[in-house]
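In what follows, a single structure is set out as structure tokens and then discussed.
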Protein chains: 2
Amino acid sequence: MIQNTKLPTSNLRIIPLGGQEEVGKNMTVFEYKNDIIIVDMGIQFPEEDMPGVDYVIPNISYLRGKEKNVKGVVFTHGHMDHIGAAHILLNKLGYPPVIGRDLTLALLKSRLEDHQKGSTSQLKTIQVKSGKEQIKLGEFNLNFFEVEHSIMDSIGVVLTTPVATAIHMGDWTLGSEDSNEKQISYSHLANLPKPTILLMESLGSLKKKDLITEKEMWANFESIINKAPGRVIIGTFSTQVKRIRDIFEYARTINKKIAIDGYSMKVALKIAMQLGYIKAGKGTLIDIKQANNYRDNQLIILCTGAQGESRAVLTRIVTGEHPRITLKKSDTIIFSSSIIPGNEKAIQRLKDSLYRKCDNVIHNEIMNVHVSGHNNIEAIKELIKQIKPDYLLPVYANHYFLKEAKNVAKSIGFNEKNIFILDNGHIINFNKNNAPFIEAKKVDTSYVMVDGLGVGDVGQIVLRDRNTLSQDGMFVIVAIVDRRTGKVKGSPDIISRGFVYLKESKELLYETRKKTVEIINKSSNANGAVNWSYVKDGIRNRIGDFLYAKTERRPMILPVIIEV
Amino acid sequence: MIQNTKLPTSNLRIIPLGGQEEVGKNMTVFEYKNDIIIVDMGIQFPEEDMPGVDYVIPNISYLRGKEKNVKGVVFTHGHMDHIGAAHILLNKLGYPPVIGRDLTLALLKSRLEDHQKGSTSQLKTIQVKSGKEQIKLGEFNLNFFEVEHSIMDSIGVVLTTPVATAIHMGDWTLGSEDSNEKQISYSHLANLPKPTILLMESLGSLKKKDLITEKEMWANFESIINKAPGRVIIGTFSTQVKRIRDIFEYARTINKKIAIDGYSMKVALKIAMQLGYIKAGKGTLIDIKQANNYRDNQLIILCTGAQGESRAVLTRIVTGEHPRITLKKSDTIIFSSSIIPGNEKAIQRLKDSLYRKCDNVIHNEIMNVHVSGHNNIEAIKELIKQIKPDYLLPVYANHYFLKEAKNVAKSIGFNEKNIFILDNGHIINFNKNNAPFIEAKKVDTSYVMVDGLGVGDVGQIVLRDRNTLSQDGMFVIVAIVDRRTGKVKGSPDIISRGFVYLKESKELLYETRKKTVEIINKSSNANGAVNWSYVKDGIRNRIGDFLYAKTERRPMILPVIIEV
């Protein structure tokens, strides 16, 4: 499958670039001759071994020197894992045109302005108005199609070149007649110029059908809100814009008021209202400051924080740090979101705290109050049957989901040889005259971490140090050496943090000082120049071993020797 | 419910002591007059905000000064969350008698010897031989009963005093006719002297019935092992001793060989074999060193590491660090364990790596290959109906599980007023003449963390420092000041780790040095003694603000000023 042939310059090359373990999740590059189209520029959350890192963005080193070739960036929808890195990457690429539907572009602009006021003034935008839109950008013809997902204005994109046609689904479901949303058919994509390549988000490749339909889920939801004895507090993602819309619509019919809290939630709501996607008249939307002027059973509070994020609104409400909302026994709390892997413990703690203060805490283990916006095994089969692609690229999920998507496709007779499981950085070539192949050389996709103002300056060394420091802390030994005698003056200073509680470890410190003085004085016994770097290694090793023997901990040891 | 009355000295007092958020999970204390019985001494895994900590043990400060009152420690079964802290706590309590069944005591002794050779010589053991055993320890009469769990020799205990009878379930299921294990009835516990108090492990209070029975699960398991085209590698907990036994028995019937790897797995197997619980003749058990002498489809490798633990065998196999086992495409990998909350990401990564190298990776999302050893909603109802306790104490799980267990009990008519949800450290009093009450004053249950050789010496300050260091690293500034002039000599030294990559931050360091010199020299302008602590605060604040302005990071700043 992996060949090292001379590259025909006229292949369609597809390169998944972003997304840590999730292939292509945040960014995919399409290249044909001298033209490049990018789909999405999103962020990923840091792994547990990346302490202090805010988020990870796609590595665009492949595009260095090719900035001018980038003819446009398509944003499939407005979620952070699809638009969140745009404020950094668009700037690096000299602001190529951005393409998307209304809500997506509005959220994108808001992200840019949040980071740098006025930066959207440089933005060239192309609005996708309908599914029939056609855009020619260099050698690419772009068409779009509507997809069903948990935020409005989600689209897929068809990239047509003279040699091959790529179909990129974005995040998708089929929708269903049982849902609040319409069912979507993608059959028209079966008629595109051959060969067609389907890039298919595969998060649902291990998921059997939901036990309940979205309609049943919604019926649960409505009944809880309607019958709640007191206030209803709903924690969800700010980006579940359709869920937010539905809650507003239902609240209006039963004459309840909604107060919103959480910065990202407010931004999303404001934008969705401006575009007319959410109708929240004054009769329904109230200011959180006015919340306490209403009867409890008249009030819904919609906020961020269902993942147990330490600074989000729901957490602040439960810890009593919220300036206006104090929990009451009679409040009903609804967790209306799925659990993002890695947040399980934080969510458990949040639940514990909520259960201590409220009698009615509703989450999916109690009653189905959330159905995900992603696909499942049956939907994957149906999609492949409708689109009948020549080649299948499962993307947008961990490797093992992609392998399982391959199994799903095989199970309905799709030819295994035409399925390619890529890694980030693989370059796959398509051309109607030849079989596809993956180039032997991968593109650099090492993590680009954002920490504070730094983009990419936190590398493996800094991370390794942070992890070491977090395990057993650190131990700085400062010794002053008399230049003339080569002997330590006075007693070395020790500064230690995160290792042991110093006040209770006087003997350990005394011994360490004594050993340090011995090591230095012994090294400088010989006349002539002292190799201080050698002496420092000695301190690091011997004091390290000594502390380990006494404590079975290995703090980072940093010797400082100053000659005066 | 919480009263502050004068305590009758003759109440049965029950105090859940161990288990972070899980109430009483690792240790429960029963006290009547001057006698104390302890049930279990287990460990908990550290939370994410406890970097470097090995595990957490119960806080026994309540027992200080009462060591002589402790008449015995009952161990319900041999899992680490029930015996893992015994090597520390038994020693602190002067080795009171330990009570349990064979496998439990053998695993307990092994734990003790692992930590200190010869320490079991001081151990007074009382073997529980059957369900009919009666032991009198001080004022307590102890009876035992068999419970069904994933390890042999699991027991529950009845603690009878003149004023009340406590029934402690340990970890339990009802068993079932569909399982490999026998169904257990607890009805005889309904006839104990009144009032009876049921301490009920409630991990299953949110769990609907398993979708498949244990028999069906096992049929899946057998068919996978039988049909495997190559080797079968099974990752599980070393403490799932029954599962290990069943795998051995099945292997024998189909004439496959089993190689074991992982220290804890080997220990558990050896002990279970010595006791005759696992029959692994030479025909079946082979040395892992001989594994490559057998045909692939003849071989099963049973190992630790299904939770993605970085140093466990399965992880070493997949990363290529295992000295003997190299993965092949044809290997079949089975994850035969549930996911411990907090391990989700590590398991995802492990799955990714396995899917890259093997064609057959089996886990519960693919096919049911694990059924947990805990109860569920229906079992909880049945248990309460069988035992008919006067009072119910849901324990052994996070608060929200306990609240839900209360809801389950209420749903079958159990009187809400007789259900008590405790926190660790609560003291609840029972006496046949009065209503139960919880004392106003809680016992100290602050975390006792074990890190290397240190028990309890890592406290909040050390942890806070470790977390701070892990976020943005640290920054030590060493300045030498001339005692006569009060001015800085030369240029301050800077040692920084985990903050920025120093080689690429020369200007930042230059500016920092300059500012430090300014701050010190300015402070020492005035004649007379310099308040160095004040100067250091100045450096911390001003350099901190400077670095934040430049980087939006807040490393820990440690100024060292040395006068020479």
Side-chain angles (χ1 to χ4, degrees), chain A residues 21 47-48 51-52 206-207 341-342 344-346 348-349 351-352 354-356 361 365-366 398-400 403-404 451-454 457-459 461-463 465-474 476 478 480 489 493 495 497-501 504-505 548 550-553 556 558 560 562 564, chain B residues 21 47-48 51-52 206-207 341-342 344-346 348-349 351-352 354-356 361 365-366 398-400 403-404 451-454 457-459 461-463 465-474 476 478 480 489 493 495 497-501 504-505 548 550-553 556 558 560 562 564:
Chain A
E21 283 120 13
E47 303 287 330
E48 316 94 283
L206 278 158
K207 195 173 151 208
E344 288 80 3
K345 293 279 272 188
Q348 278 198 346
R349 272 194 297 269
K351 278 186 197 163
D352 269 355
L354 287 167
Y355 269 79
R356 282 179 194 283
V361 185
E365 291 170 278
I366 303 285
N398 276 53
H399 182 85
Y400 75 96
K403 274 273 172 70
E404 292 295 343
D451 178 5
L453 294 180
D457 67 335
V458 170
I461 293 174
V462 170
L463 271 195
D465 287 344
R466 285 185 187 173
N467 283 308
T468 307
L469 288 167
S470 78
Q471 288 304 301
D472 289 320
M474 56 91 168
V476 182
V478 185
I480 307 293
K489 289 183 73 166
D493 268 315
I495 305 109
R497 292 289 186 280
F499 168 52
V500 290
Y501 193 49
E504 292 170 2
S505 313
Y548 184 77
K550 290 285 181 189
T551 64
E552 288 196 3
R553 295 177 202 169
M556 186 186 276
L558 300 162
V560 182
I562 297 170
V564 292
Chain B
E21 284 120 11
E47 302 288 329
E48 317 94 281
L206 278 157
K207 196 173 150 207
E344 289 79 3
K345 293 279 273 187
Q348 278 198 346
R349 272 193 298 270
K351 279 186 196 162
D352 269 356
L354 286 168
Y355 269 79
R356 284 179 193 283
V361 185
E365 290 169 280
I366 302 287
N398 276 54
H399 182 85
Y400 75 96
K403 274 273 173 70
E404 292 296 343
D451 178 5
L453 295 180
D457 68 334
V458 170
I461 293 174
V462 171
L463 272 195
D465 286 346
R466 286 185 186 173
N467 282 309
T468 307
L469 288 167
S470 78
Q471 288 304 301
D472 288 321
M474 56 92 171
V476 182
V478 185
I480 307 293
K489 286 181 76 167
D493 268 315
I495 307 108
R497 294 287 187 280
F499 168 51
V500 290
Y501 193 49
E504 292 170 3
S505 314
Y548 185 77
K550 290 286 181 188
T551 65
E552 289 196 4
R553 295 177 201 167
M556 185 185 277
L558 300 163
V560 182
I562 297 171
V564 293

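Lettering follows sequence order; numbering is per chain, from 1.
Counting heavy atoms from C-beta outward, Thr551(A) and Asp457(B) have side chains that stay 4.5 Å or more apart. You'll find the side chain of Arg466(A) reaches within 4.5 Å of the side chain of Asp472(B), heavy atoms only.
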Test side chain to side chain contact (heavy atoms under 4.5 Å, CB included) applied to Ile495(A) and Met474(B), step by step: CA-CA 12 Å; Ile495(A) 305 109; Met474(B) 56 92 171; over 6 Å; no
Worked verdict on Arg553(B) versus Val458(A) for side chain to side chain contact (heavy atoms under 4.5 Å, CB included): CA-CA 11 Å; Arg553(B) 295 177 201 167; Val458(A) 170; 3.5 Å; yes
Chi angles and distances behind the side chain to side chain contact (heavy atoms under 4.5 Å, CB included) call for Val476(A), Val560(B): CA-CA 10 Å; Val476(A) 182; Val560(B) 182; 5.8 Å; no
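Note that CG of Asn398(A) and NZ of Lys345(B) are 7.5 Å apart. Values are rounded to the nearest 0.5 Å. The line from CG of Asp465(B) to CG of Leu469(A) is 11.0 Å long, rounded to the nearest 0.5 Å.
Of the two parts of Asn467(A), neither the backbone nor the side chain holds a non-hydrogen atom closer than 4.5 Å to a non-hydrogen atom of chain B. Interface remark: Ile562(A) contributes side-chain atoms only to the contact with chain B (heavy atom separation under 4.5 Å). Residue Val478(B) touches chain A through its side chain alone, counting heavy-atom pairs closer than 4.5 Å. Proximity to chain B involves both the backbone and the side chain of Arg497(A), based on heavy atoms less than 4.5 angstrom apart. Contact annotation for Lys207(B): neither backbone nor side-chain heavy atoms come within less than 4.5 Å of a heavy atom of chain A.
Shortest non-hydrogen contact noted between Lys550(A) and Leu453(B) is O-CD1, 3.7 Å. Residues Gln348(A) and Pro341(B) share a closest heavy-atom pair of NE2-CG, 3.7 Å. The minimum heavy-atom distance linking Ser470(B) with Ser470(A) is given by the pair CB-CB, 3.3 Å. Minimum interatomic distance between Val462(B) and Val500(A) (heavy atoms only, all atoms of both residues): CG2-C, 3.8 Å.
Side-chain atoms of Arg356(B) never come within 3.5 Å of backbone atoms of His399(A) as a donor-acceptor pair (strictly under, hydrogens ignored). Between the side chain of Lys351(A) and the main chain of Tyr400(B), no donor-acceptor pair closer than 3.5 Å is present.
Of all the listed residues (Gly342(A), Gly459(A), Pro51(A)), the one sharing the greatest number of non-hydrogen pairs under 4.5 Å with chain B is Pro51(A). When the candidates Lys403(A), Glu47(A), Gln471(A) are compared by the number of heavy-atom contacts under 4.5 Å with chain B, Gln471(A) comes out ahead. In terms of heavy-atom pairs under 4.5 angstrom with chain B, the leader among Val361(A), Ile461(A), Val564(A), Thr468(A) is Ile461(A). By number of non-hydrogen pairs under 4.5 angstrom with chain B, the leading residue of Leu206(A), Asp493(A), Asp451(A) is Asp451(A). Interface remark: of the candidates Lys489(A), Glu21(A), Glu344(A), Glu344(A) forms the most heavy-atom pairs closer than 4.5 Å to chain B.
Comment: Glu48(A) engages Arg349(B) in a salt bridge, judged by a side-chain N to carboxylate O separation of less than 4.0 angstrom.
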